[in-house]
Amino acid sequence: MADSTRDSDAIISSAKKSLQVNRYEGGFHRAKGRSIGRASRQVKMKNALKRAGYFGAAVLAIFIAASVAGMILQGIGFAGVMVAFFAIVAAGFIFANYPKVKVPNRVDLSRTQDAKRLVERTEIWLESQRPALPAPAVTLVDDLGVQLDALGKQLAHVDPAHPAAQETRKLVGEYLPETIDSYRKIPDHLRREERAGSTPDRQLIDSLGKISKEIDHVTRQLAEGSLDDLAIKNRYLDYKYGGEDASLPPPNKDI
């Protein structure tokens, strides 16, 4: 029986090369957009580890198949080595892109009760919205990630049934996404059009700034144990409906 050791060494070398390319040239560890917070970063890391695990299993399966073929055929030769190499490259390409991190929708956010899951999902959702936002709003979204991490830690120690916890989840899972979603419904060419002394772009930035301050306020109150002092809903409604500059105009239905 022919010695297939050299074939096996070539396959292992190809696997190492493919893994190196994926690791350092845009594969498993390439971030598809900077994470805004620790929670979303952890979700992406888990996904990257899952991809790496799938890739490792695929390489092992290819190596076993090539070894069995080598024993049966008394060596797989150069052609067999190349087939195995391209199979490894294909596996690297596939698992460098799949499975993807699932982006939650607004319904997912509003239904999430667990504090940790809510923060993770909200951060992932916010990251997916950044391409459609003006630059100053993107900066605010990035800052919100850090705030959401801190808020999640405080919510983890609060009874989910407490009214303050429920209102906090609405602030993060409903009011915040609603603000961005309302802006995105406005046609792009109208977002910089001035109306009533402001534009949708500026109103979005103003609204996100106020929500950011509210999240910071809530986090501090929760840290101090002042649950009964929170009045999130009323304050947010004042932000949203208290004046012309506080809310985004509805999208123009005639466009």
Side-chain angles (χ1 to χ4, degrees), residues 31-47 99-134 137-186 200 203-219 221-222 227 230-237 239-241 246-248 250-251:
K32 293 186 177 181
R34 182 167 53 86
S35 298
I36 64 174
R38 183 175 58 255
S40 63
R41 192 179 306 116
Q42 290 175 345
V43 171
K44 292 178 182 178
M45 180 59 68
K46 290 179 182 178
N47 181 264
K100 295 182 180 295
V101 175
K102 181 182 178 182
V103 177
N105 53 43
R106 280 186 56 190
V107 175
D108 293 331
L109 298 179
S110 62
R111 292 178 178 176
T112 303
Q113 298 297 310
D114 178 76
K116 181 180 178 181
R117 290 283 290 163
L118 176 60
V119 170
E120 290 176 352
R121 288 181 170 183
T122 302
E123 288 184 7
I124 293 294
W125 185 86
L126 285 173
E127 289 174 15
S128 72
Q129 305 302 306
R130 286 186 299 189
L133 304 180
V138 172
T139 301
L140 287 171
V141 165
D142 290 344
D143 293 339
L144 280 170
V146 178
Q147 292 182 306
L148 289 172
D149 285 334
L151 178 61
K153 286 185 177 180
Q154 298 303 323
L155 284 175
H157 303 291
V158 178
D159 181 0
H162 194 286
Q166 294 176 3
E167 290 299 329
T168 301
R169 285 195 296 272
K170 286 184 179 180
L171 174 66
V172 174
E174 295 183 24
Y175 302 151
L176 173 57
E178 179 186 347
T179 298
I180 294 178
D181 205 36
S182 296
Y183 170 81
R184 294 199 60 182
K185 290 178 181 178
I186 300 173
Q203 291 168 355
L204 171 69
I205 294 166
D206 182 57
S207 296
L208 290 178
K210 290 175 179 178
I211 292 176
S212 175
K213 290 179 181 178
E214 185 63 26
I215 290 177
D216 181 67
H217 170 78
V218 170
T219 302
Q221 292 293 95
L222 292 176
L227 298 179
L230 292 174
I232 299 168
K233 185 174 183 179
N234 289 338
R235 250 195 318 272
Y236 179 80
L237 293 178
Y239 288 156
K240 189 172 183 183
Y241 303 114
S247 61
L248 294 173

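Numbers for residues simply follow the sequence, beginning at 1.
- Atom CZ of R111 sits in a sparse spot, with 12 or fewer heavy atoms from other residues, nucleotides or ligands closer than 6.0 Å.
- Contact annotation: the side chain of L222 approaches that of L151 to within less than 4.5 Å [non-hydrogen atoms, C-beta and beyond].
- Heavy atoms only, all atoms of each residue included: Y183 and P134 are closest at OH-CD, 3.4 Å.
- Between K44 and E127, at least one side-chain N (NZ, or NE/NH1/NH2) sits under 4.0 Å from a carboxylate O, which counts as a salt bridge.
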Between R169 and E174, does the side chain to side chain contact (heavy atoms under 4.5 Å, CB included) criterion hold? Intermediate values first, please. CA-CA 8 Å; R169 285 195 296 272; E174 295 183 24; over 6 Å; no

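- In plain terms, the two heavy atoms of A156 and A115 that are nearest each other are N-CB, 4.1 Å.
- Side chain of Q166 to main chain of A161: a donor-acceptor pair is present (N/O by atom type, distance under 3.5 Å, no hydrogens or angles).
- In this structure, S110 contributes its side chain and V107 its backbone to a donor-acceptor pair below 3.5 Å.
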Q42 and R38: side chain to side chain contact (heavy atoms under 4.5 Å, CB included), yes or no, with the steps? CA-CA 6 Å; Q42 290 175 345; R38 183 175 58 255; 3.7 Å; yes

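- Side-chain atoms of E123 and S35 include no donor-acceptor pair closer than 3.5 Å.
- Interatomic distance, K102 NZ to S128 OG, rounded to the nearest 0.5 Å: 13.0 Å.
- No donor-acceptor pair under 3.5 Å is formed between the side chain of D142 and the backbone N or O of I36.
- Here the shortest heavy-atom pairing between G209 and L140 reads N-CD1, 4.0 Å.
- Side chain of D149 to main chain of A39: a donor-acceptor pair is present (N/O by atom type, distance under 3.5 Å, no hydrogens or angles).
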| Derivation and outcome, side chain to side chain contact (heavy atoms under 4.5 Å, CB included), residues L144 and L176 | CA-CA 10 Å; L144 280 170; L176 173 57; 4.0 Å; yes

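- In this structure the side chain of W125 reaches within 4.5 angstrom of the side chain of R106, judged on heavy atoms.
- Atom CZ in R41 sits 13.5 Å away from atom NZ in K46 (nearest 0.5 Å).
- A distance-only check finds no donor-acceptor pair linking the side chain of S212 to the backbone of L208 [under 3.5 Å].
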Would you check, one step at a time, whether the test side chain to side chain contact (heavy atoms under 4.5 Å, CB included) holds for E214 with Y175?
-> CA-CA 11 Å; E214 185 63 26; Y175 302 151; over 6 Å; no

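- Here the rule is side-chain contact (heavy atoms from CB on, under 4.5 Å) with L148, and of T219, L155, L126, D143 only L126 fits it.
- Between P177 and L109, the closest heavy-atom pair is CG-CD1, 3.6 Å.
- Looking at D206 and K210, a side-chain N of the basic residue comes within less than 4.0 Å of a carboxylate O on the acidic one, giving a salt bridge.
- D108 places no side-chain N or O within 3.5 Å of a backbone atom of R121 that could act as its donor or acceptor partner.
- Of all heavy-atom pairs between A165 and D159, the closest is CB-O, 3.5 Å.
- Counted by atom type alone, T112 and R117 present zero donor-acceptor pairs between their side chains at under 3.5 Å.
- When all heavy atoms of I186 and P200 are compared, the closest pair comes out as CD1-CB, 3.8 Å.
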